[in-house]
Amino acid sequence: MASTVAVELPHGGFSFDNCKRNALLEDKGFKAPKAYKTGTTIAGIIFKDGVVLGADTRATEDTVVADKNCEKIHYISSNIYCCGAGTAADTEMTTQMIASKLELHRLETSRKPRVCTANRLLKQMLYRYHGYISAALVLGGVDSTGPHLYSVWPHGSTDKLPYVTMGSGSLAAMAVFEDRFKPEMEREEAMKLVQDAIRAGIFNDLGSGSNVDLCIITKDKTDYLRTYQEANLKGVRQGTYRYKRGTSAVLKTEVKKIVLEVIDTQVKPQAMDTD
Amino acid sequence: MAMKGKDCVAIAADRRFGVQAQTVSMDFDKIFEMGPHLYIGLPGLATDVQTVSQRLNFRLKMYELRENRKIKPKTFMSMVSNLLYERRFGPYFVEPVIAGLDPKTFQPFIASMDLIGCPMITDDFVVSGTCSEQMYGMCESLWEPNLEPEDLFETISQALMNAFDRDAVSGWGAVVYIIEKDKVTKRLLKTRMD
């Protein structure tokens, strides 16, 4: 009898099935939809007690702002966070992949993960794809050897520096850093500096905008301040555009009632059997 | 597009299926039901719309068999994201929009994705498709928080219809699903058929 439908069980890793077809479609003149880019300003700085990471919150689709408040500071482990610039899907998936690899590593070694380990995992993965995974990252954290800050480029090269910026707004942010960075700053001073650097990116770069997110990592704790500062407030709506009920003409209505499962749990006190 | 309301979500789409300028059919379904409270809209290349929805259905059924419970919308979003990112180099040309209520708490949830699976969760509305710029404009103007299901229906219908009236390759009918805790209302709208 003819073969049954081949069951496709997902088995991880990239699949290149559609490449030939897609190339053919593009030849025929099909315009593919664009991927979200983060077009970002991300920055990191090492201060006296740890690391401060900052990012803006705009995600763009060509020149249209797709997401006005997206999260660009990704969790790698409790003491390591990573800001991502470039293609949004790539930064999201790469940081998730490295986070899970690091977690498995942590379980095997029973030690708090080191920033250099995360760095090595990232650069090895990005180099394997020779820059096709467009993820430019600022990786920072505090481990047993102290605070560390790395910048990782899409082709797999990394730099270990006291202050780094990446993304389309990196020049604006770097200008602020170069002017005011000092080694061994205090926490408040460092936060103000990163915030100002990101603001420079938000107001001077087209690809960055909206709010500032900060993440302060020290030896004992991590503060993830989502929307630390709302640099751009949305205008207050002056009028309401509600339509009267019945404005839209309807051809056909189908109502599907959903039967909700009623799960009844009764908890009765029972004497413990201690014989 | 999808919008959040007060304890409800709405998802709507046009119904045209065409080959560039030629309209082939006016009853092409782009919104698929993935669970009693979970719907996904898939605009884009028609063949990929069907492939992705079928593959997704398969993965969802496997999940429900293994876990023996209904999937949460956020987990479903990760599942779609994973499916699309697997084909990062050679993507499916779809840009999904997900709308649903959490199976236990009935919290409304909406999200959208780009063609390689970057998730975007918002609290107001999500749009996707050829006339996305027009839809952004309409939604920004019309949406307000905490709309009742009836008002949400009017808002999303007007936003969708006025947006695709300004796009030559979208339109030819519209379908709107309003998903509430105890029922899902599917309405076909009377639109311009040009």
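Given the structure is predicted, the values throughout are model-derived calculations rather than measurements. Numbered from 1 within each chain, the chains take letters A, B, ... in sequence-line order.
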- Do A:W153 and A:M166 have side chains that get closer than 4.5 Å, going by heavy atoms? yes
- Applying a strict 4.5 Å limit to non-hydrogen atoms, the region of A:Y129 in contact with chain B is side chain
- Residue A:Y224 excluded, over 12 heavy atoms near OH under 6.0 Å: yes
- What residue in A:K244, A:R242, A:K257, A:E71 has the most heavy-atom pairs under 4.5 Å with chain B? A:R242
- Note on the structure: Residue from B:R88, B:E180, B:E95 scoring the most non-hydrogen pairs under 4.5 Å with chain A is B:R88
- Task: Give the C-alpha distance, both sets of side-chain angles, the deciding distance and a yes or no for salt bridge (Lys or Arg N to Asp or Glu O under 4.0 Å) between B:R15 and B:D27.
- Result: CA-CA 5 Å; B:R15 299 185 78 210; B:D27 56 8; 5.3 Å; no
- Message: Testing the basics here: between B:I71 and B:Y63, what is the closest heavy-atom pair and its distance to 0.1 Å?
- Response: CG1-CE2, 3.5 Å
- B:L84 versus chain A, heavy atoms under 4.5 Å apart: side chain, backbone, both or neither? neither
- Message: Pairing donors with acceptors under 3.5 angstrom, does anything connect the side chains of A:K72 and A:T57?
- Response: no
- Message: Among B:S157, B:P91, B:P103, which residue has the highest count of heavy-atom pairs closer than 4.5 Å to chain A?
- Response: B:P91
- Give me the ring orientation class for B:Y39 and B:Y177: parallel if the planes are under 30° apart, tilted from 30 to 60°, perpendicular past 60°. tilted
- Region of B:E154 that comes under 4.5 Å of a non-hydrogen atom in chain A: both
- Message: At a heavy-atom distance under 4.5 Å, which candidate from B:I178, B:D182, B:V175 has the highest pair count against chain A?
- Response: B:D182
- Task: Check the pair B:Q158, A:T247 against side chain to side chain donor-acceptor pair (under 3.5 Å), reporting the backbone distance first and the verdict last.
- Result: CA-CA 8 Å; B:Q158 290 299 318; A:T247 318; 5.3 Å; no
- Look at A:D90, A:V64, A:V250 and state which one has the largest set of heavy-atom pairs under 4.5 Å with chain B. A:D90
- Answer with side chain, backbone, both or neither: which region of A:A23 has an atom nearer than 4.5 Å to a non-hydrogen atom of chain B? neither
- Item | Top of B:T191, B:T130, B:T185, B:V94 for chain A proximity - count of heavy-atom pairs under 4.5 angstrom | B:T185
- So, the part of B:E148 with a heavy atom under 4.5 Å from chain A: the answer is side chain
- Message: Tell me the closest heavy-atom pair linking B:S112 and B:V126, and the distance in Å.
- Response: CB-CB, 3.8 Å
- Task: Could you tell me which portion of B:P119 (side chain, backbone, both or neither) has an atom closer than 4.5 angstrom to a non-hydrogen atom of chain A?
- Result: side chain
- With a 4.5 angstrom heavy-atom cut-off, could you sort out which part of B:M161 is near chain A: side chain, backbone, both or neither? side chain
- Note on the structure: Ranking A:K68, A:E92, A:R21 by heavy-atom pairs under 4.5 Å to chain B gives rank one to A:R21
- Query: Is it the side chain or the backbone of B:S128 that comes within 4.5 Å of chain A heavy atoms, both, or neither?
  - Reply: neither
- Message: Please check: side-chain N/O of A:S100 versus main-chain N/O of A:M97, any donor-acceptor pairing under 3.5 Å?
- Response: yes
- Are B:R87 and A:D17 close enough, and set up right, to give a salt bridge (Lys or Arg N to Asp or Glu O under 4.0 Å), and what steps lead you there? CA-CA 8 Å; B:R87 303 232 174 337; A:D17 292 345; 3.1 Å; yes
- Query: Checking heavy atoms, do the side chain of B:L45, its backbone, both or neither come under 4.5 Å from chain A?
  - Reply: side chain
